[in-house]
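Below is one structure, written out as structure tokens, with a few remarks after it.
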Amino acid sequence: MEIKTLTVRNHTRVGGRGGGSAKNNAVCYFWKEGKCNRNPCRFLHTDFPAPNVYHRNFKQSQASKHQLKKSLKHALGENTRGGSLEDKSNKSRPGFNYEDLPRKFPLYIAKNWSILKTGSHGLEGINNQESTCPGSEDLLRKCLDHKNVLVLSAGGGGSEDRTALNCNVSATESEGLKRIRVHKYIEDSPKDTVISTTEGSVPKVEIPQKDQQKACERWMSDSCVEGKGCQYLHSWFHGAGFSMLAKLSGHSEAVSGIALPSGSDKLYSGSTDGTVRVWDCCTGQSVRVMNLGDVIGSLISVGSWVFFGMPNVVKAWNIQTEADFSLYEPVGQVYAMTAACNMLFAGAQNGVILAWKGSTESKNPFQLATSLEGHTGAVTCLAVGAKWLYSGSADSTIRVWDLDALQCIYTLNGHADAVMSLICWNQHLLSCSLDQTVKVWFASDESHFEVIYTHDEYHGALVLCGVNDSATKPVLLCSCNDKSVRLYELPSFSERGRIFSKQVVRTIQAGPDDLFFTGDGTGLLNVWKWSEHTVAS
């Protein structure tokens, strides 16, 4: 194995080329401890400001560099005219005294370091422009036997273009084990890579494990320079059983709703930028853009109808006949919608739930049936299960409405902050809140609801969506404030994967054929598919 020396660019010392006056009249810490051996030292060796500090002139500095190069080559068994000599580790070297060499860094306490050397390769890259990592020169001077020196290597030619700047090397000794910790990665080496060696042994490289719980934000913005050495994931997801099919970009603001109407080959998405985009499911291209002129807070589809919730209005559009209707009511922004029993329900900013009933007897097929009042804060989410309508609100409560009588029959007070999302799973109701919990509710009888399980989501849960994987196992998708979507198996709530995004995922929608969709705050819409043997790297 061919080993070459890791080199970094020279660091300019405070005070200029050959040393200089003490910086800011700072007193040398090592001098106070009686351990400073630098001459000259760039810090004061007195408790009072000194009038004059010795300066080494330019010629002296150049002569010192030349002497250091010559002495190091001699110590490593290299001919000063080039080439290499045979092993001279057991021969004396008269005239070589490392104590007389100029010291740019304090000596490290190091013994029995092993040099990695093949053929004529030894310490390379020592010239007027480059030097070894800070402190390695003193290490070499300390170790007279070139078999007892450790040399880091980046490998390959032209390594000066790929080496790390500001490389910080520290050396320690403990029971014969020597370590050098490189705090700035080298090429594809991860940060904090530890290279350990004992005398005469091959170094052991300890590479830190990647953080599987977090994606690299710089990689997401195409600015990560650490490559495979990055300690964070360079992937949009982590876990088994699912994969990303497509990334659909076009919206300039957060995606607030996604719908795939039954029997249609078009995907519809609404955004707070006021536009609705129609995507071709075969090509993934945007085939139509409709500008509705105001913020779209929610979007759903029922049969051939697509509904858009906006400030003081719900707009209905038939994708087959192109007919459209506007249902105006002065209720503020419409945040949530759902449909049941031939009725459309819309939760609004003023805490009211509007209910329109479908009709074929009038020109307008949607007639306002009633307004459900009771919440004291904005209605943020709606869900339908069995014979009940559930509504979650910013007032921290969940109300249960009878679909036949359209009356509130229960008020659930289990959350301590705004309820953000509701879903029905079998006979259970799942709710998430800004109080950092996900609660599972169960109706023991028709007159009593109770919380049977509480899952702590420390990053705050925003959106819930229930889906079945390719094996028909129930999975809960939970969007969190840390820009990730957790995938939990039900009913155990064991995590089986994560999805990462540039900004918080605002909407999640299940689709047919093992598909599901996510839309985030940047306006990006991602298409995912369940599969049996897919694992993110």
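Small disclaimer: the values here were computed from a predicted structure and weren't measured.
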F30 six-ring face occupied by K35 cation (under 6.0 Å, within 45°): no
Does a side-chain heavy-atom distance below 4.5 Å link V485 with I508? yes
Rounded to the nearest 0.5 Å, the CG atom of L354 sits from the CG atom of L344 at a distance of 9.0 Å
Might you work through the side-chain contact (heavy atoms from CB on, under 4.5 Å) test for Q333 and V295, ending with a clear yes or no? CA-CA 8 Å; Q333 177 68 58; V295 174; 3.9 Å; yes
Verify whether one side chain among W528 and S243 offers a donor that lies under 3.5 Å from an acceptor in the other. no
Please list every donor-acceptor pair under 3.5 Å in which a side-chain atom of residues 256-267 meets a protein atom from a residue at least two apart or in another chain.
{"from": "S256", "atom 1": "OG", "to": "G270", "atom 2": "O", "distance (Å)": "3.3"}
{"from": "S256", "atom 1": "OG", "to": "I296", "atom 2": "O", "distance (Å)": "2.6"}
{"from": "S264", "atom 1": "OG", "to": "K266", "atom 2": "N", "distance (Å)": "3.0"}

Is there side-chain contact between F308 and M337, with heavy atoms separated by less than 4.5 Å? no
Check whether the side chains of R399 and T397 place a donor and an acceptor atom closer than 3.5 Å, and report yes or no. no
Treating S433 as the side-chain partner and H415 as the backbone partner, does any N or O pair qualify as donor plus acceptor under 3.5 Å? no
Under 3.5 Å donor-acceptor pairs involving side-chain atoms of residues 454-467, not counting sequence neighbours:
{"from": "T454", "atom 1": "OG1", "to": "K439", "atom 2": "NZ", "distance (Å)": "3.2"}
{"from": "H455", "atom 1": "NE2", "to": "E457", "atom 2": "OE1", "distance (Å)": "3.3"}
{"from": "H455", "atom 1": "NE2", "to": "Y488", "atom 2": "OH", "distance (Å)": "3.3"}
{"from": "E457", "atom 1": "OE1", "to": "Y488", "atom 2": "OH", "distance (Å)": "2.6"}
{"from": "E457", "atom 1": "OE2", "to": "Y488", "atom 2": "OH", "distance (Å)": "3.4"}

In plain terms, say whether R496 and D469 are close enough for a salt bridge, that is, a side-chain N and a carboxylate O under 4.0 Å apart. yes
Only counting residues at least two apart or in another chain, list the ones meeting salt bridge (charged side-chain N to carboxylate O under 4.0 Å, His left out) with D280. none
Taking side chain as C-beta onward, heavy atoms only, is L487 less than 4.5 Å from E495? no
R277 and S286: side chain donor to acceptor below 3.5 Å: yes
Side-chain heavy-atom pair S479, V504 within 4.5 angstrom cut-off: yes
Report yes if the side chains of S391 and H375 come closer than 4.5 Å at any heavy-atom pair, otherwise no. yes
Taking side chain as C-beta onward, heavy atoms only, is V419 less than 4.5 Å from L412? no
Just by modelled atom types, is the K529 backbone N or O under 3.5 Å from a matching donor or acceptor in the D514 side chain? no
side-chain contact (heavy atoms from CB on, under 4.5 Å) between L292 and V276, worked out: CA-CA 7 Å; L292 302 187; V276 174; 3.8 Å; yes
Rounding to 0.5 Å, atoms CD (Q509) and OH (Y268) come to a distance of 14.5 Å
Measure centre to centre between the rings of W236 and W219, then say whether the value is under 6.0 Å. yes
Pick one: which of T338, L422, L382 meets side chain to side chain contact (heavy atoms under 4.5 Å, CB included) with Y390? L422
Please report the C-alpha distance between E489 and K473 in whole Å, then the side-chain angles of each, then the deciding distance to 0.1 Å, and finally whether the side-chain contact (heavy atoms from CB on, under 4.5 Å) criterion is met. CA-CA 8 Å; E489 293 183 351; K473 295 180 180 179; 5.5 Å; no
Any side-chain heavy-atom pair of L524 and L248 under 4.5 Å: no
Ring geometry between F242 and W530 (parallel below 30°, tilted from 30 to 60°, perpendicular above 60°): perpendicular
Heavy-atom count check: over 12 atoms from other residues, nucleotides or ligands less than 6.0 Å from E217 CD? no
Check whether N312 reaches the backbone of V331 with its side chain - one donor and one acceptor, N or O, closer than 3.5 Å. yes
Kindly say whether G519 contributes a backbone atom to a donor-acceptor pair with the side chain of T507 at under 3.5 angstrom? no
Hey, is the main chain of D435 close enough, under 3.5 Å, to the side chain of D417 for a donor-acceptor pair? no
In sequence, state the C-alpha distance, the side-chain angles, and the governing distance for Y335 and Q349, and then conclude on side-chain contact (heavy atoms from CB on, under 4.5 Å). CA-CA 7 Å; Y335 291 117; Q349 184 177 358; 3.8 Å; yes
Is the centre of the W279 ring less than 6.0 Å from the centre of the F517 ring? no
For Q503 versus D520, what's the shortest heavy-atom pair and its separation? O-CB, 3.5 Å
Tell me if a side-chain donor or acceptor on S393 pairs with a main-chain N or O of G377 at a distance below 3.5 Å. yes
Can you check whether T518's main-chain N or O pairs, donor with acceptor, with N526's side chain at less than 3.5 Å? no
To the closest 0.5 Å, what do you measure between CG (L389) and CZ (F345)? 5.5 Å
If only atom types and distance count, is the side chain of D513 paired as donor or acceptor with the main-chain N or O of L515 below 3.5 Å? no
Result of checking T522, T272, T275 against E253 for side chain to side chain donor-acceptor pair (under 3.5 Å): T272
Atom pair CG (L430) and CD1 (I423), whose distance is rounded to the nearest 0.5 Å: 5.0 Å
Tell me whether S484 contacts the main-chain N or O of I499 through its side chain, where contact means a donor paired with an acceptor under 3.5 Å. no
Could you report the tightest heavy-atom contact between C424 and L429, atom names first, then the distance? SG-CD1, 4.2 Å
When you measure from the side chain of S271 to the backbone N and O of A254, does any donor-acceptor pair fall under 3.5 Å? yes
Pairwise distance SG(C216) to CE(M220) - rounded to 0.5 angstrom: 8.0 Å
Checking D482 against R486 for the salt bridge (charged side-chain N to carboxylate O under 4.0 Å, His left out) test, could you report, in this order, the C-alpha distance in whole Å, the side-chain angles of both residues, the deciding distance, and whether it holds? CA-CA 10 Å; D482 64 347; R486 265 81 162 176; 2.6 Å; yes
Considering only heavy atoms from C-beta outward, does the side chain of L490 approach that of W425 to under 4.5 Å? yes
Can you tell me how far the OH atom of Y232 sits from the SG atom of C224, to the nearest 0.5 Å? 11.0 Å
Would you say the ring centroid of F442 lies under 6.0 angstrom from that of Y453? no
For the residue pair F307 and W305, does the interplanar ring angle fall in the parallel (under 30°), tilted (30 to 60°) or perpendicular (over 60°) class? parallel
